[in-house]
Amino acid sequence: MGRLLNSFPWRRRHMESDLARELAYHVDRRTDDLVRSGMSERDARRQAELEMGRPTQIAEEVRDTWRWAWLEHLTRDLQHATRTLARSPGFAVMIIVTIALGVGANGAMFSFLDRLFVRAPDGVTAPAELHRFWVQDHDRHNPGKYMVYTSFRYPQYEVIAAANPETSIAAYDTDQLRLGIGDDATNVNVAWVSPNYFATLGVGIVLGRHFGPEEARVETPTPVAIISHDLWKRQFGSDSGVIGRAIHLSKTKFTIVGVAAPSFTGVNVNAMDVFAPINNDPAGGQLGQPWYKSFNASLGLIARVPSGTSIDPVLVRSTTAYRHMSPIPGFGFDTAATILAGPIVEARGPGDPQREVAIGLRVAGVALVLLLVACANVATLLLVRATQQKREIALRLALGATRGRIYAQAFTESALLATAGGVVAIGLSWWGGTALRKLLLPNIRFATGALDLRVVGVTIAIAVIVGLVNGIAPVMLARRRSVIEAMKGSQRDGMYQRSVLRSSLLVVQTALSVVLIVGSGLFVRSLGNVRAIRVGYDVDSVVFALPGYSNDERFSFTEVGQAIVRIEERMATEPGVIATARANSGPMFGWTSFRIALPGQDSLPRLSGDNPYPQSNNISESFVATVGMRIVSGRNLRKGDSHAVLVNETMAQTFWPGQNPLGKCILLDKAGACTEVVGVVNNAHRFTMIETPSMNFYLPTDGGQSVVLRIDPARWPAIAARLRQEFKAALPGLETVTLRRMTDNIDRELRPWRLGASLFVAFGLLALVTAAIGVYSVIAYAVSQRTHEMGIRMALGARLSDVLRLVLGEGVKVVAIGAVLGVGIALALGKLVASLLYGVTPKDPVVLATAALTLILVGILAALTPAIRASRVDPVNALRTD
Amino acid sequence: MASERFPIPQGTLDMLILQTLSKAPAHGYAIAQHLEFISRDTVRVNQGSLYPALHRLEQRGWLKAEWRNSETGREAKFYALTRAGHKQLAIEKESWDRLSVAVKLIFEEGT
């Protein structure tokens, strides 16, 4: 390996000048000698140079020896390394697997995070000049706190763009629509874009035209589209005649006017297939306003500010314009809102990352720790081996091998192992990267695969670093030992010497494993805690159905109400349906805000937390029983009840603390009549599993907008089909029916928790296995070295249990130190994950103790086999052998 | 003795260099001088092969080199045998001995 350095230019230069000096010396001496024998100085020099031959040729030949020498050495070292490793394949496999796991985990994490955090969207020009706009606004739910988000409304975009006529600012909204009609239809991602979108991003068109001024008209939609290069290839077979063709996006006909440059798939990670002018955005035009006045769409804003120019003036003008727009009637936006700018890569912006992304980041840290554990383990294994090989090394030193050669061989061996590990790791990176994408961001379609040159490069780089780091350890060990000492030592290892290096590596491994196990424990407990949350309904068996949202609202509230009554009746006979009910909103789906009042009171008590004000649902009298709620006191709603209301426990306690809520009066509007509290129901969650208590009340209805069923979950497919059929029969012309199972909601919410738990557990187990291998190999080695000592002890009358205790104690001591250290590290790192936990603190003593004890237990188990082997040592044999 | 000088046969130069250096460290010029002097000018050392040979032996770890003052007071690159070099010399000497004995036997059989 040292020879390899000869190919480095600086070394090379030095060697060249060295050679020139050497040859010059030769010529000078020869000249001197010839002059002394009577030649003239000039002739002598010419003669000497002639004898030397062409110096360039000599130099060339000498250079050849340099070049080939290292290759020769390398080949020999490789052969030697392969031979040595082939002699103990188990050892080699263990190391390769350890390296592959450690490196592969990091390759996979890199693959995932690179796309999310590092790489600018493909295909845009000068991404550093592009800025994404964010709004910082007061958090209406948490007074005194701010929230930061990227979504703008079209009128806000309009004023911001108007305030900055010199700057090119583009807006876009994203959507998922059906492309085509009938059975061939596929889902595509659509971006509704401002006409200057492509120009602002600097994205070219390979076919057709860009959006022009005609698409900038806001009054009428212009149904034209630019399709992505990928969709062009996928759907149209790269047909150049695609321009002018019509495509259907959810029933609306669009004309293709262009094909975007290859690799451009929009500015988010989710890959876009179709780009169409924003005046087509269906999200804009509800609530009966023209879309360009509506506050429905949520637009991303991207500005291009040439490098060297500050974006601050643009932000100041934008903020003024934005505040001037606010507060929007009914929206209650804060006039203190500020426009911020972030990089084009959304995940790097000032907002809080998505929970899944946050988990991804923590897991990246975990992957790094795993790599450290793997490194420590490989170093331990190599060290143990280097020690076993010390006789061989000493022998070779005695036979005249230079130390450099020995180091080079150690390095080659480690490099070979790291390379093999790296190759396996590339496969793992690809697999892991793909799995992480599916796990963490299942709804995002990535434009490129998980494995690209960058990932391969990084994976190899990590493997090389691992190889170098681990190559150094045995070399350091070899350097410390003198030949004589080693030869003498090899005569009899009567007294086994503890290696501080080896023990500390083991301590490090154990400590880091404890950290990972603590992480797993915390996430598993969080998952358990979230799972144990009672939302107040019988989640498993409750389903509900309502008319799907359609653009053209043909059905009035009353029409739907009547239909729902009919559907409920007909569904009651469907096998598997246990109970039926009606409600304006299904459980955990929607609520109505009411400005209610209490007689004789100016203001209402409010709750702190996410849900300060009471909200209502209108329900049929069978609702409470159907969804699995219960009457805590009083009675249920009855048919024909008009001025009756059910309140939940929180509302009863908040409005009438310490009093009987039954018979109390609330006013649904200030002038209205009294509505009497007839019963109190249990608390049930509004929308999510994790939320602060809310005040909910329930009013009776004769109609309803949803059918709510309690069913036998096994019969769900048939029931779902029947529901669709009944809805379409009761509401002729209805396009879609929205079907919900409560478990779907809950599962979606549990996903990040389950994810965190499973990722941490997976990594934790890997670390545990790695640490176990480490403990086993070190103890096994120690036992093999102490056979002689064991023999003596046994001969002197030590019992089996004494030997067992001796060996076990050795391992357990090291592991225990590591475990304590690990608990310390886990405590120090706890705050990094605190925000991702639920119902458990990072200092949870049960988790910490379990992790430490697990490691110690694993340590004992790993040490047990070698310990038993030691206790079976036959004293006579042990003393007789070397 | 023919007045013509022999070039050193392929393969033996390495051995001769090792042998020369086994007595004492020397620089390239001195090695050439020594070989020609000891062989009573029978062998001719070609600089074109001497220096590549020296570097090759150094690369193999049989020689080590350092710059120090020569007898003329100027700095020259001195080569010395390493332990591995000594071992190599012994190996080469032994195989040379066996070869020359064998050659001699073959010749004797022919007469």
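Naming convention: chains lettered A, B, ... in sequence-line order (proteins, then strands); numbering from 1 in each chain.
- Heavy atoms of A:Asp18 lying under 4.5 Å from chain B belong to its backbone as well as its side chain.
- For B:His27, the part lying near chain A is the side chain, with the backbone staying farther off; criterion is any non-hydrogen pair under 4.5 Å.
- Neither the backbone nor the side chain of B:Gln88 comes within less than 4.5 Å of any heavy atom in chain A.
- For B:Trp62, no part sits under 4.5 Å from any heavy atom of chain A, backbone or side chain.
- Two residues are said to be in side-chain contact when any heavy atoms from C-beta on lie closer than 4.5 Å; B:Lys77 and A:Leu19 fail this criterion.
- A:His26 approaches B:Gly28 most closely through the heavy-atom pair ND1-C, 4.3 Å.
- Within a 6.0 Å radius of CZ in B:Arg68, more than 12 heavy atoms belonging to other residues, nucleotides or ligands are found.
- You'll find the side chain of A:Arg29 stays beyond 4.5 Å of the side chain of B:Gln33, heavy atoms only.
- In terms of heavy-atom proximity, B:Trp67 sits nearest to A:Glu22 at CH2-N, 3.7 Å.
- In summary, the side chains of B:Tyr29 and A:Asp28 do not present any donor paired with an acceptor at a separation below 3.5 Å, with no hydrogens or angles considered.
- For A:Tyr25 against B:Arg74, the heavy-atom pair with the smallest separation is CA-NH2, 3.8 Å.
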